[in-house]
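Here is the structure we will look at.
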2 protein chains.
Amino acid sequence: MADLLETAAEPNRRRLLQLLASGERSVTDLTRNFPVSRSAISQHLLLLADVGLVQARKEGRNRFYSLNAWGMSRLRGSLESFWTAELDLLVADATTLHQTAQGEL
Amino acid sequence: MADLLETAAEPNRRRLLQLLASGERSVTDLTRNFPVSRSAISQHLLLLADVGLVQARKEGRNRFYSLNAWGMSRLRGSLESFWTAELDLLVADATTLHQTAQGEL
DNA sequence: GTAATACGTTAGTGCACACTAACGGATTAT
DNA sequence: ATAATCCGTTAGTGTGCACTAACGTATTAC
């Protein structure tokens with residue numbers, strides 16, 4: 001799983017990135033927000049670190065993970081290059097259609 | 001793989017969505033843009049259809065796949081709810097830092 | 001009509017992923 | 001000091017994914 005966007009897309013990892021947006025957090029602390037084990041979360045974090053989206057800081061027996069701004073910037077770029085103007089047009093039409101349908105109810 | 005964003009994130013499927021942005025295409029036609037088999041592409045298309053991002057139209061012995069505007073609209077929504085304003089701030093800083101670094105060369 | 005060909009899907013396989021269980025390392029309590 | 005506890009990672013396992021090979025079906029050539 002070398003791909004940046006694909007790595008970030010997995011639901012648990014997506015959530016991890018969002019949680020880390022508000023600041024660094026330990027593995028155990030992050031785990032509280034998930035139904036899976038500390039180990040699972042640790043491994044998701046290691047994957048995110050592999051692609052450069054997060055990094056860890058050791059302090060005592062804790063490891064505080066935080067977002068890597070540069071990696072997140074690259075992710076943003078990937079998203080933007082994926083979502084072309086052509087798709088915006090398509091979606092604009094769909095939204096219009098949907099709103100029309102809603103209005104017609 | 002029920003998750004919309006995760007399904008769309010896989011590199012080949014991402015590319016398929018982009019190719020389909022310019023209009024409907026047959027499986028064989030789409031396959032020309034990939035190093036993998038027609039079968040592989042067909043299966044990716046079936047997955048995309050499962051989550052409602054594309055649909056197929058039969059004509060002769062061809063099946064023309066096209067984007068589902070409403071599905072793509074939902075995808076757009078998922079992307080937007082993932083990428084919070086907080087992340088924009090973080091990335092803005094990173095970009096600034098990078099530009100500074102570039103300027104310093 | 002029938003043989004040949006083209007298109008897309010289903011069958012089958014290897015591998016990677018996501019997870020729990022077991023572990024090593026560090027800190028705290030006594 | 002040492003036993004107990006907490007934190008994060010590595011070991012081991014099952015499932016699901018991405019892919020090629022084989023197949024069914026429909027069209028075209030003769």
Quiz item: Atom CG of B:Asn62 and atom C1' of C:dT9: how far apart are they, to the nearest Å?
Solution: 14 Å
Quiz item: Is there a donor-acceptor pair closer than 3.5 Å between any side-chain N or O of A:Glu59 and the backbone N or O of A:Asn62?
Solution: no
Quiz item: Can you tell if the side chain of B:Phe82 reaches within under 4.5 Å of the side chain of A:Gln18, non-hydrogen atoms only?
Solution: yes
Quiz prompt | Nearest-angstrom distance from the residue atom CG of A:Leu16 to C1' of D:dG8 | solution = 14 Å
Quiz item: Is there side-chain contact between A:Trp83 and A:Val91, with at least one heavy-atom pair below 4.5 Å?
Solution: yes
Practice problem: Could you tell me whether the phosphate oxygens of D:dT9, OP1 or OP2, come under 4.0 Å of any side-chain nitrogen or oxygen in A:Tyr65? | Solution: yes
Quiz item: Quick one: A:Leu30 CG to D:dT9 C1', roughly how many Å, whole number?
Solution: 15 Å
Exercise. Figure out the CG/P separation between B:Leu45 and D:dC17, and round it to whole Å.
Key: 16 Å
Practice problem: For B:Arg63 and B:Val27, indicate whether the former's side chain and the latter's backbone hold a donor-acceptor pair under 3.5 Å. | Solution: no
Self-check item: Distance, rounded to the nearest Å, where B:Met1 contributes CE and D:dA18 contributes C1'
Solution: 10 Å
Quiz prompt | For atom CZ of A:Phe34 and atom P of D:dG8, their distance in whole Å | solution = 14 Å
Practice problem: Find out whether B:Leu53 and B:Asn68 are in side-chain contact, i.e. whether some heavy atom of one side chain is under 4.5 Å from a heavy atom of the other. | Solution: no
Exercise. Tell me, please, whether A:Tyr65 has A:Arg25 positioned over its six-membered ring: NZ or CZ under 6.0 Å from the ring centre and within 45 degrees of its axis?
Key: no
Exercise. Quickly work out the A:Asp50 CG to C:dA16 P distance and round it to whole Å.
Key: 14 Å
Quiz prompt | Difference in axis direction between the ends of the helix from C:dG1-D:dC30 to C:dT30-D:dA1, five pairs, 10° | solution = 10°
Quiz item: Are B:Ser66 and B:Arg57 close enough that some pair of their side-chain heavy atoms sits under 4.5 Å apart?
Solution: no
Practice problem: Take nucleotides 19-30 of chain D nucleotide by nucleotide from the 5' end and write B, S or -, depending on whether a protein heavy atom sits under 4.0 Å from the base, only from the sugar-phosphate, or from neither. | Solution: BBB-----B---
Quiz item: What about B:Leu89 and A:Met72, same hydrophobic cluster or not, with Ile/Leu/Val/Met/Phe/Trp/Tyr joined at side-chain heavy-atom distances under 4.5 Å?
Solution: no
Exercise. Could you point out which residue of A:Leu30, A:Ile41, A:Asn33, A:Leu20 forms a side chain to side chain contact (heavy atoms under 4.5 Å, CB included) with A:Arg15?
Key: A:Asn33
Exercise. For A:Leu48 and D:dT9, give me the distance from atom CG to atom P, rounded to whole Å.
Key: 12 Å
Quiz prompt | Most 5' of A:Thr28 and B:Leu47 on DNA chain D, judged by nearest nucleotide | solution = A:Thr28
